[in-house]
Amino acid sequence: METDENIRLRQALEHAAAELPPLPDLAPLAVREGRRRRARARFAVATTAFGAVTAGALGIALPPGSDPAPATPAAVPSSPAPSASPGASYPPVVVEATPGVTPPDNPDGLSPAERERRAAHQQRVAALLDELLPEKVTGIRPVKDEVAVYRITAGGASFRMAVSVRPTDEPLAPCPDLPEERGVCETVAFDGDREAQLMAMPVNGPDTTGSYLRFSYGKSRVLLSVDPEAVSAPVTPRELLDVAADPRFLDLVEDTDARPVETKEPRPVAGG
């Protein structure tokens, strides 16, 4: 038999439950959370293997709370940071050009709304890279305040990757005729009759190769690149083409061409 105290407790719980809103459709939430969990798992592989030592060697300072290992706190923002950062699926990373020197916050003096827009763009790009890059890439991080730059992790090393859709008035220059020891450039067709230039060339030494792809789209020049570090880039030009040729990536390029997130490429100086 229920006591008066139990009856009052049950009635209170039933009253509280009646005031709750109906449960949402959980299927899309589960799909989205699954993708986020996959992204966090990818990053956890890299941070567990290397922790703060690798970040320090690369001149990278992780924002507070985004790295399980102790790290040098980033500078306190002087203007509101993009709200996408704290709960982002792909938390941004601060890259120090000079180790130990934290770069200034919001160096381009962007409005909060424009910073928000660019941060959302980076999240969209990172999600596509997560889907389209080969599985050997286990981590993807947007670089804070550098809208076209990302850090990717593969084989325990971190690499600089660029995904740029930059307005320009200049046509795409022909594929350079490079001597074999300086790299290879080839022009390939994709997306119908669209042409892309695929380049692989030594960077910082004869034994470390970078991968590059560029093409024109609308009023913009599109560049995908992965630079080498102590070893060659883990992504080949053909693998970059797999990213560029995906309809979802081309949709992003179309949107970014219409609403740029980068400044217009300056005209080359005559005789310069």
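The analysis underlying the following values was restricted to heavy atoms, covering all of them including side chains, and did not include hydrogens, waters or symmetry mates.
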So does Ala148 get a backbone contact from the side chain of Glu262, meaning a donor-acceptor N/O pair under 3.5 Å? no
Do Arg115 and Asp145 sit within salt-bridge range, that is, some charged N less than 4.0 Å from a carboxylate O? yes
Exercise: identify the closest heavy-atom pair between Ser232 and Asp207: OG-O, 3.4 Å
Looking at Glu170 and Lys264, is there a salt bridge between them, counting it only when a charged N and a carboxylate O are closer than 4.0 Å? no
Are side-chain N/O atoms of Ser216 and Arg221 paired as donor and acceptor at under 3.5 Å? no
Can you tell me if Gln122 uses its side chain to pair, donor with acceptor, with the backbone of Lys144 under 3.5 Å? no
Keeping Thr208 on the side-chain end and Val203 on the backbone end, is there a donor-acceptor pair under 3.5 Å? yes
Side chain to side chain, Arg166 and Ser220, heavy atoms closer than 4.5 Å: no
How close do Tyr212 and Ser225 get, counting heavy atoms only, and between which atoms? CD2-CB, 3.2 Å
Side-chain (Asp246) to main-chain (Arg248) donor-acceptor, under 3.5 angstrom: yes
Ion pair check, Arg267 and Asp169, cut-off under 4.0 Å: yes
Ion pair Glu239/Lys136, N-O distance below 4.0 Å: yes
